[in-house]
Amino acid sequence: MTIKEIQSLVIRIALSLILVLFLITKIDIKDIVIAQVEWQFLPVIVVANLCAYLMRSFFYKITLNVEKLKIRILFLITGVYNFISSLIPFGLGHLSYPYFLKKYHGIVISRGVSSLVAYNGIRVLFLIFIFLWSGVSLRLFQEIHLYFPKKILLLLFILLIVFLTVGIRYFGRNIFVGKVEEFKIEVKNALHENVQFAKVVLLIGVSIVTMAFNVISVYYFFAFISQSLSIIPVLFIFSAGNLSNLLPIHGPGRLGSYEAVNSLLLLGLNFSGNEAIQISFAIHFLALFIQLAIAVPCYFLMKSSIT
């Protein structure tokens with residue numbers, strides 16, 4: 001790691017700790033929201049996550065265009081990669097996917113990157129659509145001034161533009177390995193292999209099914225901690241929360257930043273600050289635990305599958 005990367009990591013860790021401590025101080029320990037959990041929903045969450053991983057594996061299989069690569073192998077890689085990308089967000093974590101493909105199965109990095117770009121490109125477009133549709137359905141864009149002062153909204157909008165600008169540049173530096181032209185050409189060529197009408201339609205369909213399983217998982221995360229939300233608020237939280245991952249505001253494990261973003265979304269849905277923060281911490285740690293529980297066996301099976 002370079003000195004700048006180490007400094008960036010230290011800053012992110014410090015900010016995460018500050019955010020965590022700040023949010024904890026806002027929790028009213030006399031009013032515990034997560035009084036009980038509904039254990040019967042835990043298997044549903046796990047199965048929904050496994051199904052989402054399976055559909056993503058199918059997507060990767062289509063876009064990689066490598067006949068010898070089995071979906072089972074891609075499923076194992078996805079299980080590990082998804083957890084790593086949650087721990088090391090925005091760039092480096094995502095690069096673990098092409099890294100594993102290269103290390104264990106000899107697939108060139110550019111092909112793995114093109115597969116990842118295709119998945120996330122389609123995913124982001126759908127997330128934006130879901131975010132706008134659910135926000136309009138909930139009348140949040142018309143009534144959001146009731147929940148947040150206009151000066152804060154203006155500041156958030158400015159920060160959003162700054163984060164997006166910096167984020168796109170940062171992402172470009174990492175994903176294209178220092179803007180190496182030959183590498184970019186290889187990625188573009190691999191992407192062009194998937195630009196066929198029938199294949200694009202299939203990829204869109206697979207992405208929709210994958211997102212459906214993700215939404216089911218989020219819905220039952222709330223049900224697990226005895227919080228009842230209808231599908232449209234769940235879609236809003238799911239889309240806005242995932243879109244926030246594009247912003248370079250997250251530290252390791254997204255600790256603090258995840259809770260801050262999710263709490264703001266819940267505040268917009270009329271939850272109290274105390275409720276929003278407690279729910280956000282509970283869902284985040286539960287999600288990380290489930291991802292870890294899937295990633296560990298996937299990692300050992302992935303290593304044993306080397307031929």
Side-chain angles (χ1 to χ4, degrees), residues 43-89 91-124 126 175 177 183 185-217 242 287-307:
V44 180
I45 298 171
V46 174
V47 170
N49 276 275
L50 291 173
C51 289
Y53 287 5
L54 182 61
M55 295 308 299
R56 283 172 62 179
S57 304
F58 184 48
F59 186 103
Y60 296 147
K61 169 69 175 176
I62 298 170
T63 53
L64 283 169
N65 296 304
V66 179
E67 291 296 329
K68 65 178 182 179
L69 199 59
K70 298 179 180 179
I71 291 181
R72 180 179 70 87
I73 300 301
L74 288 169
F75 177 86
L76 298 177
I77 291 175
T78 302
V80 180
Y81 147 64
N82 194 69
F83 177 65
I84 292 176
S85 65
S86 294
L87 285 182
I88 313 174
L92 295 178
H94 290 291
L95 291 177
S96 63
Y97 166 72
Y99 168 78
F100 286 136
L101 287 174
K102 172 67 176 177
K103 180 178 180 179
Y104 295 119
H105 302 284
I107 297 172
V108 294
I109 294 291
S110 58
R111 190 164 289 277
V113 170
S114 71
S115 173
L116 198 60
V117 169
Y119 175 75
N120 285 291
I122 294 175
R123 178 179 173 82
V124 167
F126 274 112
I175 206 69
V177 191
F183 182 78
I185 291 171
E186 290 176 357
V187 172
K188 289 178 181 178
N189 290 337
L191 280 170
H192 287 159
E193 294 177 8
N194 298 303
V195 184
Q196 303 170 15
F197 179 76
K199 181 175 282 191
V200 170
V201 171
L202 177 60
L203 292 175
I204 289 174
V206 173
S207 298
I208 291 173
V209 176
T210 304
M211 281 199 174
F213 283 120
N214 290 146
V215 171
I216 290 171
S217 176
N242 277 276
L288 286 175
F289 175 78
I290 291 175
Q291 289 175 358
L292 176 61
I294 295 174
V296 170
C298 282
Y299 176 73
F300 289 107
L301 289 171
M302 179 178 68
K303 290 189 68 176
S304 66
S305 67
I306 301 173
T307 56

Inset, instruction - Evaluate the criterion side chain to side chain contact (heavy atoms under 4.5 Å, CB included) for residue pair L116 and T63; output intermediate values, then yes/no. - result: CA-CA 9 Å; L116 198 60; T63 53; over 6 Å; no
Inset, instruction - Mind running side chain to side chain contact (heavy atoms under 4.5 Å, CB included) on I204 and F126 for me, showing each step along the way? - result: CA-CA 9 Å; I204 289 174; F126 274 112; 3.4 Å; yes
Inset, instruction - Give the intermediate values and the outcome of side chain to side chain contact (heavy atoms under 4.5 Å, CB included) for residues F58 and V209. - result: CA-CA 11 Å; F58 184 48; V209 176; over 6 Å; no
Inset, instruction - Apply the test side chain to side chain contact (heavy atoms under 4.5 Å, CB included) to residues S86 and L288: give CA-CA distance (whole Å), side-chain angles for both, the deciding distance (0.1 Å), then the verdict. - result: CA-CA 8 Å; S86 294; L288 286 175; 4.1 Å; yes
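Atom CG of L203 and atom CD1 of I208 lie 11.0 Å apart (nearest 0.5 Å). Interatomic distance, M55 CE to Y119 OH, rounded to the nearest 0.5 Å: 10.0 Å. Atoms NZ and CD1, from K103 and I77 in turn, are 11.5 Å apart once rounded to the nearest 0.5 Å. Once rounded to the nearest 0.5 Å, the distance linking OH of Y299 with CD1 of I84 reads 8.5 Å. Atom CD1 of residue I71 and atom CG of residue L54 lie 6.5 Å apart, to the nearest 0.5 angstrom. Note that OG of S217 is 6.5 Å distant from CD1 of I290, once rounded to the nearest 0.5 Å.
For T210 and Y53, the side-chain atoms include no donor-acceptor pair closer than 3.5 Å.
The shortest side-chain heavy-atom distance between R56 and L74 does not fall under the 4.5 Å cut-off. Proximity of R111 to L101: side-chain heavy atoms (C-beta onward) are nowhere separated by under 4.5 Å. Looking only at side-chain heavy atoms (C-beta outward), N242 and N214 stay at 4.5 Å or farther from each other. When side chains are defined from C-beta on, I294 does not count as touching F83, because their heavy atoms never get closer than 4.5 Å. You'll find the side chain of Y104 reaches within 4.5 Å of the side chain of K303, heavy atoms only. Inter-residue side-chain proximity for Q291 and N82 is flagged as met; some heavy-atom pair is nearer than 4.5 Å.
Listed for the K61 side chain is a donor-acceptor partner under 3.5 Å among the backbone atoms of L69. Looking at N49, its side chain does come within 3.5 Å of a backbone N or O of I45 through a donor-acceptor pair.
The nearest pair of heavy atoms linking S115 to L64 is CB-CD2, 3.7 Å. In terms of heavy-atom proximity, I109 sits nearest to P98 at CD1-O, 3.5 Å. Smallest separation of non-hydrogen atoms from I62 and N65: O-OD1, 3.2 Å. The shortest heavy-atom contact between S207 and F59 is OG-CE1, 3.4 Å. Between G112 and Y97 the shortest heavy-atom distance is O-CE2, 3.3 Å. Taking every heavy atom of both residues into account, M211 and R123 meet most closely at CE-O, 3.1 Å.
Between Y81 and F100, the ring center distance fails the sub-6.0 Å criterion.
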